[in-house]
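Everything numeric in this text was worked out from a predicted model, so none of it was measured. We're numbering straight along the sequence, starting at 1.
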Amino acid sequence: MTHSDYIKHSLENGVATLTLNRPNVFNSFNREMALALQEHLRQCAQDPAVRAVLLTGEGKAFCAGQDLAEATGPDSMEISEIVVQHYNPIILLLRELEKPVIAAVNGVAAGAGANLALACDLVVAKESASFIQAFSKIGLIPDSAGTYFLPRLIGLQRASALMMTGDKVPAIEAMQMGMVYKTFPDDSFAAEALALAQKLAYMPTKGLAYTKQLLNGTFQNSLSEQLQQEAVYQQKAGQTADFREGVEAFIQKRQPNFTGQ
């Protein structure tokens with residue numbers, strides 16, 4: 001397998017599907033796959049044909065996190081360097097990408113694989129999927145922004161428990177606690193996840209990008225600061241072609257044709 005094969009890429013109806021593709025090791029990350037995902041995310045950010053991104057895994061797993069064989073060999077990088085060079089850039093690219101990103105968790109999501117999903121805008125999962133903060137079992141701390149996103153999604157108490165115990169969370173339970181947006185039956189999962197991504201791709205994606213940027217700052221800002229930011233971004237949104245199209249379509253009682261401009 002060449003390095004470029006570690007991420008499968010397709011583009012259809014505005015949706016770029018990025019598939020983690022090391023199924024023989026449950027799509028665990030080696031250096032090549034991490035750098036390839038970074039490059040694909042940069043390309044998605046720059047390509048106007050990409051209106052939404054769907055991130056999923058090949059085979060039975062979504063992602064088992066770091067390939068420990070690569071991290072523990074005699075010539076391997078320090079764990080901290082792997083975090084800085086591989087995972088931190090991926091998380092920042094996901095949050096800075098001015099397009100909606102859906103994690104389609106098709107199987108187990110463990111360690112950095114779980115936190116990769118949680119950094120996306122929406123997480124959907126197969127009913128048979130599961131999430132594991134596996135770090136504590138080998139004496140590590142949750143990286144890939146796990147300590148940032150998980151407490152914000154499910155609260156400090158539950159996040160502490162899951163990170164310290166390393167307990168497996170079935171997808172339906174993850175949805176009930178707010179870690180996941182929706183679960184779908186296994187047999188219809190791929191179609192449902194793609195339909196959700198295409199729904200977002202057809203929407204006013206410039207407005208969705210502004211919404212994402214506001215959400216990125218919401219936990220740092222005071223109420224008054226957030227209100228000021230809403231006014232700034234609402235002015236930007238009000239100047240888009242999609243806003244004009246949305247209003248005209250509403251008045252004319254027709255379906256809008258949004259272009260992301």
Judged by atom type as modelled, is there a donor-acceptor pair below 3.5 Å linking the side chain of D67 to the main-chain atoms of N30? no

So for atom NZ, which belongs to K236, do other residues, nucleotides or ligands contribute more than 12 heavy atoms lying within a distance under 6.0 Å? yes

In this structure, CG of N216 is separated from CZ of R95 (nearest 0.5 Å) by 4.5 Å

Indicate, with yes or no, if L215 and L94 share a hydrophobic cluster defined by side-chain heavy-atom contacts under 4.5 Å among Ile, Leu, Val, Met, Phe, Trp and Tyr. no

With a cut-off of 6.0 Å (strictly less than), are more than 12 heavy atoms of other residues, nucleotides or ligands near CE of M164? no

So V180 and V105, do their side chains get closer than 4.5 Å, heavy atoms only? no

Tell me, do V123 and M179 make a side-chain contact under 4.5 Å, heavy atoms counted? no

Considering all heavy atoms of both residues, which atom of P142 and which atom of N115 are nearest to each other, and what is their separation? CB-ND2, 4.3 Å

Between Y202 and R51, is there a cation-pi geometry (under 6.0 Å to ring centre, at most 45° from the normal)? no

Nearest heavy-atom contact between I91 and A119 is CD1-CB, 3.9 Å

Joint hydrophobic cluster, L35 plus L97, side-chain heavy atoms closer than 4.5 Å: no

Distance, nearest 0.5 Å, that separates CD of Q176 from CD1 of I172: 7.5 Å

Connected via hydrophobic side-chain network under 4.5 Å: F258 and V50: no

Does a side-chain heavy-atom distance below 4.5 Å link Q66 with D143? no

Does I7 reach the side chain of L20, with side-chain heavy atoms less than 4.5 Å apart? yes

Should the heavy atoms of other residues, nucleotides or ligands under 6.0 Å from CD of Q234 be counted, would the total exceed 12? no

With no hydrogens and no angle check, is any side-chain donor or acceptor of D186 less than 3.5 Å from a backbone partner on S128? yes

Q213 versus Y233, closest heavy-atom pair with distance: OE1-CE2, 3.1 Å

Side chain to side chain, F131 and L150, heavy atoms closer than 4.5 Å: no

Below 4.5 Å, heavy atoms only, C-beta onward: do K212 and V101 meet side chain to side chain? yes

Heavy-atom side-chain contact between Q85 and R31 under 4.5 Å: yes

Y148: side-chain hydrogen bond (donor to acceptor under 3.5 Å, both in side chains) partners, not counting sequence neighbours: Q220

Are the side chain of T211 and the backbone of G207 linked by a donor-acceptor contact shorter than 3.5 Å? yes

Within the side chain of N106, is there an N or O that forms a donor-acceptor pair under 3.5 Å with the backbone of G59? yes

Cluster partners of L194, using ILVMFWY side-chain heavy atoms under 4.5 angstrom, listed by chain and number? V15, L54, I102, L122, V124, Y181, F184, F189, L196, L200, M203, L208

Ring-plane angle category for Y87 and F29, please: parallel below 30°, perpendicular beyond 60°, tilted otherwise. perpendicular

Grouping I, L, V, M, F, W and Y whenever their side-chain heavy atoms are under 4.5 Å apart, do V169 and V108 come out in a common cluster? no

Measure the spacing between OG of S136 and CD1 of I141 and express it to the nearest 0.5 Å. 11.5 Å

I want to check something: taking the side chain as every heavy atom from C-beta on, are R22 and E32 in contact at a cut-off of under 4.5 Å? no

Within the side chain of N21, is there an N or O that forms a donor-acceptor pair under 3.5 Å with the backbone of D5? yes

Could you tell me which non-hydrogen atom of K99 sits nearest to which non-hydrogen atom of C44, and how far apart they are? NZ-O, 2.6 Å

For the pair Q198 and E12, evaluate side-chain hydrogen bond (donor to acceptor under 3.5 Å, both in side chains) and give the outcome as yes or no after the intermediate values. CA-CA 9 Å; Q198 289 183 338; E12 185 178 357; 5.0 Å; no

Taking NZ, NE, NH1 and NH2 as the nitrogens, is one of them in R254 or E245 under 4.0 Å from a carboxylate oxygen of the other? yes

Hey, could you give me the CG/NZ distance between D242 and K206, rounded to the nearest 0.5 Å? 9.0 Å

If you measure from NZ on K168 to CD on Q133, what distance do you get to the nearest 0.5 Å? 14.0 Å

I need the minimum non-hydrogen distance between A71 and S76, along with the two atoms involved. O-OG, 3.1 Å

Does CZ in F243 sit with more than 12 non-hydrogen atoms of other residues, nucleotides or ligands closer than 6.0 Å? no

Indicate the atoms forming the closest heavy-atom contact of I154 with M177, along with that distance. CG2-O, 3.3 Å

Do L11 and L93 land in one hydrophobic cluster if side-chain heavy atoms of ILVMFWY residues count as linked below 4.5 Å? yes

When rounded to the nearest 0.5 Å, the distance separating CD of E70 from NE2 of H86 is 6.5 Å

Heavy-atom count around Q252 CD within 6.0 Å, excluding the residue itself: above 12? yes

